[in-house]
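What follows is one structure encoded as structure tokens, with my remarks underneath.
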Amino acid sequence: MKSIFFYLFIVPIAILLVVFAVINRDLVTVVLDPFSPQDPTLALSIPLYVLVFGSLVTGVIIGGVADWFRQGRYRKAARENRYEAAKWKSEATKMQQQQPARPGLSLPGPQSS
């Protein structure tokens with residue numbers, strides 16, 4: 001199933017990305033100074049595909065970090081529940097070890113007629 005997904009989706013997308021990178025090799029000037037775009041002191045000349053792929057990667061990283069921070073309360077609750085479950089489990093084990101075995105105090109078996 002994974003190989004079908006790989007060949008039907010991932011390989012064509014990879015081919016399209018390579019074609020995009022080959023077609024867009026021309027240099028693009030990116031000006032980082034918004035106050036004087038005519039006389040750029042902070043300017044980069046990079047290929048267009050580097051700009052596009054870099055923007056995509058930066059967006060994925062920023063989205064992942066934002067999502068990680070947003071889910072912090074759920075991780076905290078899971079961590080607290082895990083500690084509480086371990087505490088109750090150790091307490092139950094301790095109580096079972098402290099309880100003496102009483103062979104005569106058990107429920108009676110089924111009655112035969």
Side-chain angles (χ1 to χ4, degrees):
M1 186 66 178
K2 288 183 181 180
S3 63
I4 293 172
F5 175 76
F6 181 76
Y7 288 115
L8 286 178
F9 295 106
I10 303 299
V11 170
I13 290 173
I15 291 171
L16 289 174
L17 289 175
V18 169
V19 169
F20 176 78
V22 169
I23 291 172
N24 294 299
R25 291 179 294 170
D26 295 336
L27 292 179
V28 176
T29 302
V30 179
V31 179
L32 300 175
D33 187 8
F35 299 111
S36 62
Q38 294 81 16
D39 184 29
T41 55
L42 297 172
L44 299 170
S45 292
I46 56 174
L48 180 62
Y49 73 92
V50 172
L51 179 67
V52 171
F53 291 157
S55 299
L56 287 173
V57 169
T58 303
V60 167
I61 290 172
I62 290 172
V65 169
D67 196 36
W68 185 78
F69 278 120
R70 188 176 46 161
Q71 293 175 356
R73 72 180 95 144
Y74 302 114
R75 286 193 308 276
K76 181 180 178 184
R79 188 171 45 248
E80 289 171 355
N81 289 339
R82 187 172 51 244
Y83 292 146
E84 187 173 349
K87 180 183 84 168
W88 286 111
K89 184 176 180 179
S90 67
E91 187 173 326
T93 304
K94 188 188 324 179
M95 290 182 76
Q96 283 178 348
Q97 291 172 353
Q98 289 177 353
Q99 183 179 6
R102 300 182 202 170
L105 297 176
S106 62
L107 293 175
Q111 304 271 336
S112 60
S113 318

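Only this structure's heavy atoms are used, side chains among them; waters, hydrogens and symmetry mates stay out.
- Within 6.0 Å of atom NZ in Lys87, more than 12 heavy atoms from other residues, nucleotides or ligands are found, so the atom counts as buried in its surroundings.
- Partners of Phe9 according to the ring pair (Phe, Tyr, Trp, His ring centres under 6.0 Å) rule, which considers only residues two or more places apart in sequence or in another chain, are Phe5.
- Pairs engaging residues 3-24 under the salt bridge (charged side-chain N to carboxylate O under 4.0 Å, His left out) rule: none recorded [sequence neighbours left out].
- Remark: Lys76 pairs with Arg79, Glu80 by the side chain to side chain contact (heavy atoms under 4.5 Å, CB included) rule, at least two apart or across chains.
- Judged as a salt bridge (charged side-chain N to carboxylate O under 4.0 Å, His left out), the pairs with a partner in residues 58-68 (not counting sequence neighbours) are, in order, Asp67-Arg70.
- If you chain together ILVMFWY residues whose side-chain heavy atoms come under 4.5 Å of each other, Val31 ends up in a group of its own.
- Applying the under-4.5 Å side-chain rule to Ile, Leu, Val, Met, Phe, Trp and Tyr, the cluster around Met95 consists of that residue alone.
- Sorted pairs that involve residues 64-84 and meet ring-ring contact (aromatic ring centres under 6.0 Å, His included), not counting sequence neighbours, are lacking altogether.
- Remark: Arg75 CZ is packed, more than 12 non-hydrogen atoms of other residues, nucleotides or ligands lying under 6.0 Å away.
- Applying the side chain to side chain contact (heavy atoms under 4.5 Å, CB included) test to Leu32 and every residue at least two apart in sequence or in another chain returns Val30, Leu42, Leu44.
- Legend: salt bridge (charged side-chain N to carboxylate O under 4.0 Å, His left out) pairs involving residues 3-16, not counting sequence neighbours: none detected.
- Trp88 meets the side chain to side chain contact (heavy atoms under 4.5 Å, CB included) test with Glu84, Glu91; sequence neighbours excluded.
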In residues 17-28, what donor-acceptor pairs under 3.5 Å come from side-chain atoms, sequence neighbours left out?
unit_1 : atom_1 : unit_2 : atom_2 : d
Asn24  : ND2    : Phe20  : O      : 3.1
Arg25  : NE     : Val22  : O      : 3.0

List the atom pairs, with distances to 0.1 Å, where a side-chain N or O of residues 51-63 and a protein N or O form a donor-acceptor pair under 3.5 Å, not counting sequence neighbours.
unit_1 : atom_1 : unit_2 : atom_2 : d
Ser55  : OG     : Leu51  : O      : 2.8
Thr58  : OG1    : Gly54  : O      : 2.7

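- Cluster annotation: Ile15 and Ile10 are assigned to the same hydrophobic cluster (Ile/Leu/Val/Met/Phe/Trp/Tyr, side-chain heavy-atom contacts under 4.5 Å, transitive).
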